[in-house]
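Note that the structure is predicted; figures quoted are calculated from it, not measured. Basis for what follows: all heavy atoms, side chains included, without hydrogens, waters or symmetry-related copies. Numbering of residues begins at 1 and proceeds along the displayed sequence.
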Amino acid sequence: MTRPQEGPVAAEPMDRFGDLRLASYRFDPTQEPLRSQLINQLGAGPSALIEVAKNFVGGVNAGLWLLRAQEEMVLKLVRFDATAPSQLVEASMFAKLAKEFPKIAEDPALAFPTKIFHVRTPNGVRSHDLV
């Protein structure tokens with residue numbers, strides 16, 4: 001059994017993964033400074049709007065937001081468990097798929113992450129992934 005690592009694993013294309021540092025232990029991408037950090041890393045522009053996705057409850061999601069800019073993106077927050085096998089970590093599964101099928105993100109019939117962020121608490125511990 002392998003365990004997920006704290007940084008990007010070998011299968012992660014480096015341009016697809018990044019880190020988000022929280023100023024507090026609360027994740028709210030509609031509030032500064034997280035909003036600006038996220039918009040800058042996505043290249044969405046200062047006029048981008050981030051709002052809570054309403055009526056989306058359930059599953060293992062820790063939160064769901066919509067980012068509206070040149071295009072609309074769904075931002076999904078999932079908990080990271082360092083003790084979970086890598087096949088149960090969503091970010092690791094997306095990395096594996098991207099490695100096995102390099103053109104998967106270009107397929108118009110699929111919704112595939114353009115960027116995955118490892119969310120880190122103020123003390124640097126990876127607590128969540130934002131897909």
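Of the inter-residue distances, the one linking K76 atom NZ with L64 atom CG reads 8.0 Å to the nearest 0.5 angstrom. The distance from the CD atom of Q31 to the OG atom of S24 is 10.0 Å, given to the nearest 0.5 Å. Atom CZ in R68 sits 7.0 Å away from atom CG in L49 (nearest 0.5 Å). A distance of 5.5 Å separates CZ in R35 from CD in E32, rounded to the nearest 0.5 Å. Within the model, atoms CG of L66 and NZ of K54 stand 9.0 Å from one another, a figure rounded to the nearest 0.5 Å. With values rounded to the nearest 0.5 angstrom, Q41 atom CD is found 6.0 Å from K115 atom NZ.
Contact record, A98 with I104: CA-CG2, 4.2 Å, taken as the closest heavy-atom pair. In plain terms, the two heavy atoms of A44 and A69 that are nearest each other are O-CB, 3.6 Å. Between R120 and G124 the shortest heavy-atom distance is NH1-O, 3.3 Å. Taking both residues in full, the closest heavy atoms of P113 and R16 are given as O-NH1, 2.6 Å, listed atom of the first, atom of the second, then distance.
Under the rule for a ring pair (Phe, Tyr, Trp, His ring centres under 6.0 Å), the partners of F112 that lie at least two apart in sequence or sit in another chain are F94.
Without hydrogens or angle criteria, D28 side chain to T30 main chain gives a donor-acceptor distance under 3.5 Å.
With a 4.5 Å cut-off between side-chain heavy atoms of Ile, Leu, Val, Met, Phe, Trp and Tyr, the cluster of V119 takes in L20, L22, F27, L34, L38, I39, L42, I50, V52, W65, L67, M73, L75, L77, F117, L130.
Taking the side chain as every heavy atom from C-beta outward, F80 and S127 never approach each other to under 4.5 Å. For the pair Q37/R21, a side-chain contact is recorded, criterion being any heavy-atom separation below 4.5 Å from C-beta on.
Under the 4.5 Å side-chain heavy-atom criterion for Ile, Leu, Val, Met, Phe, Trp and Tyr, Y25 and V78 are members of distinct hydrophobic clusters.
Counted by atom type alone, H118 and R126 present one or more donor-acceptor pairs between their side chains at under 3.5 Å.
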